[in-house]
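All values below come from the heavy atoms of this structure, side chains included, with hydrogens, waters and symmetry mates left out.
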Amino acid sequence: MKLEGDADGIEVLQALHAEDKTYLKFLVGEAKTNTDLKTTFKAPDGRAFVLRLDPKSGNLVVDPAP
């Protein structure tokens with residue numbers, strides 16, 4: 001499973017992982033179990049991102065939230 005997509009979102013996700021490893025596990029679990037295969041998370045500065053599971057490759061993709 002690889003992490004790909006928006007560089008800023010990946011950086012925020014890595015920073016969140018450094019602070020609390022269980023939060024990243026929670027986000028990945030949410031993305032895997034939601035019917036739309038995605039979940040949202042926010043950066044400390046308020047920017048929102050979408051973490052989604054690509055079912056073909058199995059990779060996690062980070063995109064800015066609309």
Undergrad: Roughly how far, to the nearest 0.5 Å, is the OG1 atom of Thr39 from the CG atom of Leu53?
TA: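 One gets 12.0 Å once the value is rounded to the nearest 0.5 Å.
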Undergrad: Is there a path from Leu3 to Phe26 through hydrophobic residues (I, L, V, M, F, W, Y) whose side chains come within less than 4.5 Å of each other?
TA: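 Leu3 clusters together with Phe26.
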Undergrad: Is it true that Val50 and Met1 fall in one hydrophobic cluster, defined by side-chain heavy atoms closer than 4.5 Å?
TA: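 Cluster IDs for Val50 and Met1 differ.
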Undergrad: Say you draw a straight line from CG of Leu37 to NZ of Lys32; how long is it, rounded to the nearest 0.5 Å?
TA: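 Leu37 CG to Lys32 NZ: 11.0 Å, rounded to 0.5 Å.
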Undergrad: Looking only at atom types and distance, does a side-chain atom of Asn59 sit under 3.5 Å from a main-chain N or O of Lys2, one as donor and one as acceptor?
TA: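 Looks like yes, one N/O pair under 3.5 Å.
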Undergrad: Return the NZ to CG distance between Lys38 and Asp36, rounded to the nearest 0.5 Å.
TA: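 Lys38 NZ to Asp36 CG: 5.0 Å, rounded to 0.5 Å.
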Undergrad: Do Phe49 and Leu13 have side chains that approach each other closer than 4.5 Å (heavy atoms only, starting at C-beta)?
TA: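 Contact flag for Phe49/Leu13 side chains = no.
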Undergrad: Does Leu60 reach the side chain of Leu27, with side-chain heavy atoms less than 4.5 Å apart?
TA: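 Sidechains of Leu27 and Leu60: no contact.
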Undergrad: Just verifying a value: how many Å separate Asp8 CG and Asp63 CG, rounded to the nearest 0.5 Å?
TA: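 So the gap between those two atoms works out to 12.0 Å.
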Undergrad: Supply the atom-to-atom distance Leu51 CG to Leu24 CG, rounded to the nearest 0.5 angstrom.
TA: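 Leu51 atom CG to Leu24 atom CG measures 8.0 Å (nearest 0.5 Å).
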Undergrad: Counting only heavy atoms not in Glu4 (residues, nucleotides, ligands), do more than 12 fall under 6.0 Å from its CD?
TA: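 Buried by this count: over 12 neighbours within 6.0 Å.
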